[in-house]
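First the structure, in the form of structure tokens, and then the observations on it.
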Amino acid sequence: MDRQTEITLIKEIIGLAQQKSAFLDDTIAHSPISRYSSPERFERERAMLFRRKPVIAAQSSELEGPRSFVTRDYLGLPLLLTRDDEGKVSAFLNVCRHRGARLEREKAGCKRVFTCPYHAWSWTNHGELRAVPQEAQGFPDLPRAERGLRRLPCTEAHGFVWIIANPDAAEIPDIDAWLGGLAGDFDWIGLADHRIAAIEEVHVAANWKVLVEGGLEAYHFRVAHKNTIGPYFPDNLSTYTMFGPHLRAILPRNAMPDLRDTPEENWQIRRDANILYALTPTTQMLVQQDHVMWFHFEPLSEAATHVRMATLVPRSAPQTEEMQAHWEKNQKITVTALMEDFELGEEIQAGFASRGNPSHLFGRFEGALNRFNIAVEEIIAN
Ligand code: FES
Ligand SMILES: [Fe+2]
């Protein structure tokens, strides 16, 4: 984010506060509940969105150092992510090419060779078939080159490992192009130089879009979060900007409107606002004063989502017990507020079955939710 954008975004908040106005779209909008409750709709999202567009599979520090690896189930695929001796990351299906056993059972570790627990075929961390026990007798003339691990398009950018979750996809597009202009913001934040200081995972019985939408407006802060973070934010004051299918929202804290009384050169957006980046489909980053919260949504079905919530901190921050306690305290505050959102999300999801609401309403100050849904609609239509 350049300085001019920073000043403009702060001025916009100050102006709205002076006018005692929320940030308004032209009209209210409707969102049909079938978007959140239909299995057919979910299958379409899986085919057109989750399996076709770049998604984040891991944070770079989860693969720390040469020969590190991570396994995880993601978007219906068992994944094996590896880092080689040169630091390059690869993504494979964690599926043995003999008779399909789960190749690596550990969640994470350090290995150059992966050996199947069933009959001990083995592969390198580049996915090349390395050894087949009793090969000459059992598998004469085995075309080894055809039995490499199935590879997924994969790249590393801005401190994350991105994949196309489809082994039939040819390549992954340029991530900065996919980010629609947000790369400059991520450079400004220094995202590439962050590591995970704390992480938790939770299973939520709600559609992934219900959870994404929960982060895109400040209308609910003083109500749903009245006993936690609500009092630190002005009522229903936030702005947003679209970047292709993604968006950036500014969520000012109470002090930001008062900046009008201080010289512009002292303004710092990260000091007085949270900045939310919502990357369609499955990632949100909440940029706070000295750290970034990373929320990773893994859609499991139309009514279930696995969520990873992590505190990302600059690698340059001192790694002391005191700092770790600070990060863990921040993690707890954010997760407590998020659990309030997730409880509401589960109640919303349960309400879909009643069919009492044919659609949800987005008020003029909930425009970001509508824009996010329009972006998803456009992607799954093509
Ligand atoms: S299934 Fe993996 S070696 Fe046989
Ligand atoms: Fe919330």
Side-chain angles (χ1 to χ4, degrees), residues 29-51 53 55-56 72-76 165 199-221 223-230 245-247 249 251 276-286 293-310 334-363 366 368-377 379-380:
H30 296 257
S31 190
I33 64 160
S34 58
R35 284 179 181 168
Y36 313 91
S37 58
S38 151
E40 295 76 31
R41 161 66 188 236
F42 183 78
E43 280 313 312
R44 188 162 180 79
E45 289 176 348
R46 193 205 299 268
M48 302 298 288
L49 179 53
F50 310 143
R51 292 285 180 87
K53 299 297 181 187
V55 291
I56 289 174
R72 72 182 32 138
D73 291 302
Y74 186 40
L75 301 171
I199 187 163
E200 280 159 80
E201 308 197 22
V202 62
H203 184 88
V204 188
N207 184 273
W208 66 281
K209 295 189 297 301
V210 170
L211 305 187
V212 169
E213 288 175 8
L216 301 185
E217 44 88 358
Y219 184 33
H220 73 290
F221 281 14
V223 187
H225 300 307
K226 64 178 179 295
N227 298 321
T228 53
I229 58 167
H246 318 297
L247 70 83
L251 306 165
L276 180 90
Y277 295 92
L279 305 184
T280 295
T282 55
T283 289
Q284 289 190 345
M285 276 175 277
L286 186 66
M293 293 301 304
W294 171 43
F295 311 129
H296 177 80
F297 301 104
E298 183 196 339
L300 301 174
S301 74
E302 73 282 1
T305 308
H306 186 79
V307 185
R308 305 175 84 222
M309 305 167 283
T334 307
V335 168
T336 301
L338 265 191
M339 295 310 282
E340 293 175 332
D341 291 318
F342 294 166
E343 186 182 352
L344 284 156
E346 291 194 335
E347 289 166 353
I348 290 167
Q349 193 73 33
F352 289 138
S354 71
R355 307 221 166 269
N357 264 333
S359 62
H360 286 172
L361 280 180
F362 298 144
E366 294 171 297
L369 287 73
N370 189 39
R371 301 302 172 106
F372 159 67
N373 274 279
I374 290 170
V376 172
E377 295 296 327
I379 291 172
I380 67 171

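Start at 1 with the first residue, then count along the sequence.
We find the CD-CG distance between Gln349 and Asn207 to be 5.5 Å, quoted to the nearest 0.5 Å. Atom CD1 of Ile348 and atom CD1 of Ile33 lie 12.0 Å apart (nearest 0.5 Å). Of the inter-residue distances, the one linking Ile56 atom CD1 with Tyr74 atom OH reads 7.5 Å to the nearest 0.5 angstrom. To the nearest 0.5 Å, atoms OG1 (Thr282) and NE2 (His296) are separated by 5.5 Å. Between atom CG of residue Leu216 and atom CZ of residue Phe362 there is a gap of 9.0 Å, rounded to the nearest 0.5 Å. Here the straight-line distance linking atom CG of Leu279 with atom NE2 of His246 works out to 6.0 Å at 0.5 Å rounding.
No donor-acceptor pair under 3.5 Å is formed between the side chain of Glu217 and the backbone N or O of Glu366. Side-chain atoms of Thr305 come within 3.5 Å of backbone N or O of Ala206 as a donor-acceptor pair. For Glu298 (side chain) and His306 (main-chain N/O), no donor-acceptor pair under 3.5 Å exists by modelled atom type. The backbone N or O of Leu361 sits nowhere less than 3.5 Å from a side-chain atom of His30 that would complete a donor-acceptor pair. Checked by atom type and distance alone, the side chain of Gln284 pairs as donor or acceptor with a backbone atom of Val212 at under 3.5 Å. Here the side chain of Ser354 pairs a donor or acceptor atom with the backbone of Gly351 at under 3.5 angstrom. Judged purely by atom type and a 3.5 angstrom limit, Arg46 has no side-chain atom pairing as donor or acceptor with the backbone of Arg51.
You'll find the side chain of Pro39 reaches within 4.5 Å of the side chain of Glu302, heavy atoms only. Using a 4.5 Å heavy-atom cutoff, the side chains of Leu251 and Leu286 are in contact. Contact of the Lys53 side chain with the Ile379 side chain is registered, since non-hydrogen atoms from C-beta on lie closer than 4.5 Å. Here the side chains of Leu75 and Pro299 are in contact, with some heavy-atom distance below 4.5 Å. At least one side-chain heavy atom of Pro281 sits less than 4.5 Å from a side-chain heavy atom of Val55.
Salt-bridge formation is detected for the pair Lys209/Glu45: a Lys NZ or Arg NE/NH1/NH2 atom is positioned less than 4.0 Å from an Asp or Glu carboxylate oxygen. With respect to Glu377 and Arg41, a salt bridge is recorded, a charged nitrogen being found less than 4.0 Å from a carboxylate O.
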From CA spacing to verdict: side chain to side chain contact (heavy atoms under 4.5 Å, CB included), Met285, Thr283: CA-CA 7 Å; Met285 276 175 277; Thr283 289; 4.0 Å; yes
Apply side chain to side chain contact (heavy atoms under 4.5 Å, CB included) to the pair Glu213 and Phe372, showing each step before the final yes or no. CA-CA 8 Å; Glu213 288 175 8; Phe372 159 67; 4.2 Å; yes
Step-by-step side chain to side chain contact (heavy atoms under 4.5 Å, CB included) determination, Val210 to Phe342: CA-CA 9 Å; Val210 170; Phe342 294 166; over 6 Å; no
Determine, step by step, whether Ile199 and Arg308 satisfy the side chain to side chain contact (heavy atoms under 4.5 Å, CB included) criterion, reporting the C-alpha distance in whole Å, the side-chain angles of both residues, the deciding distance to 0.1 Å, and the verdict. CA-CA 7 Å; Ile199 187 163; Arg308 305 175 84 222; 3.5 Å; yes
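In this structure, Tyr36 has its ring center under 6.0 Å from that of His360. With ring centers used as reference points, Trp208 lies under 6.0 Å from Phe50.
Taking each heavy atom of Ile380 and Arg44 in turn, the nearest pair found is O-NH2, 2.7 Å. When all heavy atoms of Phe42 and Ser301 are compared, the pair lying nearest together is CE1-O, 3.3 Å. Of all heavy-atom pairs between Gly356 and Pro358, the closest is O-CD, 3.6 Å.
Counting only N and O atoms by type, the side chains of His220 and Asp341 include a donor and acceptor under 3.5 Å apart. Side chain to side chain, Glu340 and Thr228 meet the donor-acceptor criterion of an N or O pair below 3.5 Å.
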